[in-house]
Amino acid sequence: MIGMPTAPGRGVLETTLRDHRESGHKLLVPYVTGGMDDEWLVTVEAVAGAGADAIEVGIPFSDPMIDGPVIQEASLRALGRGTTPTGILADLGRLHVGIPVVVMTYYNLIYRAGHQRIAGLMAESGVSGAIIPDLPLEELEPWARAADDAGIATVLLVAPSTPPERIAAICRRSRGFVYGVGRMGVTGEQSSLAGSAREVAERVRAATELPVCIGIGVSTPEQATTVCEVADGVVVGSALVRRLLEGAGPVGAAEFVSSLRVALDGG
Amino acid sequence: MSGPHSGPHSLSESESELIMGDPGPSGRFGEFGGRFVPESLVPACMELEASFRRAWIDPAFRRELDHLLHSYGGRPTPVTECLRLSEELGVRVLLKREDLAHTGSHKINNVVGQALLARRMGKKRLIAETGAGQHGVATATAAALFGMECVVYMGAVDMERQALNVFRMELLGAEVRSVESGSRTLKDAVNEALRDWVASVDTTHYCLGSVMGPHPYPWMVRELQRVVGDESRAQCREILDGKDPDVVVACAGGGSNAAGTFAGFADGTSSVLVGVEAAGGAAMHNGIPGVLHGMRSALMQDESGQILEAESISAGLDYPGIGPEHAHLAAIGRARYETAGDTEVVEAFQRLSKTEGIIPALESAHAVAWVIRVAGTEVLPTGSTVLITLSGRGDKDVAQVRDILRRGETTPR
Ligand SMILES: Cc1ncc(COP(=O)(O)O)c(C=O)c1O
């Protein structure tokens, strides 16, 4: 697109994920809703220590339209505890997990805070990337410019419905990695992997050198390994958050993430 | 791909100069509008825009739509002069009678158009959100007419206060799904409909009920509702010896009856355009710019950007946002936005019933209430002429109003 800035130097997120990929390792990116319970920071640390390559932290929004019931519930609990975007970022700033942290949130929270201000706060908190699912390519620029300037990698999504030319444009503008949406639908666990997950992985794989992670509808170690026959990695959200809502706690969360790690490592 | 902000390439010059013209491929009305949806839905929105653009300039499509709106929908609806109310208020009050359209509100105009479009696109299933139930009833009606499957999302709170409309939708063959998330009203029903659409977009058309959501909905729904304004303008000229009304008023939830009405007057008249929101859902008064449901517009939100819950007696206006074109019309000063409170709305509901024999929808009663309040002041001086779009009839609301009056209060929750 005209006026798009050229790619800046690879940030921490891309460098880390590329390094891990080059060492023959599949990428595991667990998702936790920030502020969902009193222990969420301990959970983030535990999950990071259980073999994650990066971690995605959700900043809860009142109207999470791309999320299914599990993450809706976690968001509701987080908001009920008085969780705010700046509060989450401040908490993350005190955390040392040793892997890149990517925040996931909805655009209104970014827009309300101001692009530069929130990008700056993310950078100060040690966050290295952001996923904003309701901000498609056409609406991206004001945020993406601020994010690039602050060194925050804006990870873009490719869906099963995305046509080929658009995949190429999205991959060019994505930073850190490309998030392949595994199925047409909202976040949530699935008993079986949608056929679209592999197809999306193949299409994105063919369009970019960036690491390709598939999320939405990847729920089990078996599904993760199947997708990773094509993709570089997986994002696992609802399956983990459901366990946390059911009281698994940091220990249970780490156990589940370990089981994904073991499966991805061929164990 | 073509740059989204590269300008309105497909617009004739005259269209782009209109106040309520074609927003072009970016879907922008000034700084408002746009298409803020997950990537999964972007191709569907683009396909819908392209289909609507083709249909809207296709004489065959327009003929079929006009024919259906006439032979099935009961158009044109009349403009009625309120003789007794005019005398009491000292201003000449005209009503555009959308209450007389099939299914009892303006919602049918939009829905017949979208159902025709869905059929053209080969979609066999319609989904919709509904607040008061009027848009759900209209969608269920169109689905029955075209033999389509229909699922309507409705907040649990609204299902309770509009129980009769739930039954009507079921009679018409639709499935009504109760939405239990968030404030369990219209905003949450939109979320749920969008969630359905992400998973079903191949087979399903999302029949959005107002001038909100991602591009092309705000523009498309306004164009489909334009018939209200175009008819009104011609009818007013007959009644007013070639003149336009001094003031044109409509209630605004998402803002579709207002946008359709304003579209007939925004260009080429100096009529003052007034949208009346519910005091408890007044996005234009209490909101600030934000992004929700695919659009940038005025939104009620807290300091972090979390969306606030609207609270109104009328389910159809219980929405924390408003269509983006309204935010733009306010920004450029072409329309102004006012509010009406629950108490005066219930009074207006009764007054129009008694003076004119017309029971208005509670939503429409907001516009009437504002006129009653300001008649004789400088906004609406004695002797001036006002057109009110009576967006719907009050049958759906009589049980609720009876309960309110029996309890002697106006806050039903
Ligand atoms: C009779 C009536 N008027 C108005 C509205 C509000 O919608 P809009 O602002 O889109 O016209 C509704 C919505 O349910 C309605 O039923």
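The sequence lines fix the lettering, A, B, ..., with proteins before strands; numbering per chain opens at 1. Please read these numbers as outputs of a predicted model, since none were measured by experiment.
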*Which bit of A:Leu109 is near chain B, if near means a heavy-atom gap under 4.5 Å: side chain, backbone, both or neither?*
both

_With a 4.5 angstrom heavy-atom cut-off, is it the side chain or the backbone of A:Leu79 that approaches chain B, or both, or neither?_
side chain

*Contact part of A:Pro133 toward chain B, heavy-atom cut-off under 4.5 Å: side chain, backbone, both or neither?*
backbone

*asked:* So which atom in A:Pro136 and which in B:Glu39 form the shortest heavy-atom distance, rounded to 0.1 Å?
replied: CB-OE1, 4.5 Å

*If you count the non-hydrogen atoms of other residues, nucleotides and ligands that lie under 6.0 Å from CD in A:Glu246, is the total more than 12?*
yes

*Looking at A:Ile66, A:Thr86, A:Ile110, A:Leu76, which has the largest count of heavy-atom pairs under 4.5 Å with chain B?*
A:Ile66

*For the atom pair CG (B:Leu299) and OH (A:Tyr111), what is the distance rounded to the nearest 0.5 Å?*
9.5 Å

*How long is the span from the CE atom in A:Met65 to the NZ atom in B:Lys187, to the nearest 0.5 Å?*
13.0 Å

_Counting only heavy atoms not in B:Glu160 (residues, nucleotides, ligands), do more than 12 fall under 6.0 Å from its CD?_
no

*Supply the atom-to-atom distance B:Ser181 OG to A:Asp67 CG, rounded to the nearest 0.5 angstrom.*
11.5 Å

*Could you tell me which portion of B:Pro289 (side chain, backbone, both or neither) has an atom closer than 4.5 angstrom to a non-hydrogen atom of chain A?*
both

_Is any side-chain heavy atom of A:Arg166 closer than 4.5 Å to one of B:Val42?_
yes

_Using 0.5 Å steps for rounding, measure from the CZ atom of B:Arg195 to the OG1 atom of A:Thr187._
8.5 Å

*A:Gln116 CD: over 12 foreign heavy atoms closer than 6.0 Å*: no

*Answer with side chain, backbone, both or neither: which region of A:Pro60 has an atom nearer than 4.5 Å to a non-hydrogen atom of chain B?*
backbone

*Determine whether B:Arg296 and A:Tyr107 make a side-chain contact, defined as any pair of heavy atoms from C-beta on separated by less than 4.5 Å.*
yes

*A:Phe61 versus chain B, heavy atoms under 4.5 Å apart: side chain, backbone, both or neither?*
both

*A:Arg81 atom CZ, over 12 foreign heavy atoms within 6.0 Å*: yes

*Search all heavy atoms of B:Glu192 against all heavy atoms of A:Gln72 and return the closest pair with its distance.*
OE1-NE2, 4.4 Å

_With a 4.5 angstrom heavy-atom cut-off, is it the side chain or the backbone of A:Ile170 that approaches chain B, or both, or neither?_
side chain

*Please examine the side chains of A:Asn108 and B:Leu292, heavy atoms only from C-beta on, and report whether any two atoms are closer than 4.5 Å.*
no

*Does A:Ser62 reach the main-chain N or O of B:Ile307 with its side chain, forming a donor-acceptor pair under 3.5 Å?*
yes

*Got a donor-acceptor contact below 3.5 angstrom from the A:Arg183 side chain to the B:Ala199 backbone?*
no

*Smallest separation among heavy atoms of A:Ser161 and B:Pro43, with atom names*: O-CG, 3.3 Å

_Top contributor to chain B contacts, counting heavy-atom pairs under 4.5 Å, from A:Thr162, A:Val181, A:Thr84_ = A:Thr162

*asked:* If we define contacts as heavy-atom pairs under 4.5 Å, which of B:Leu308, B:Ile288, B:Val201, B:Asp188 has the most with chain A?
replied: B:Ile288

_Side-chain heavy-atom pair A:Glu138, B:His215 within 4.5 angstrom cut-off_ = no

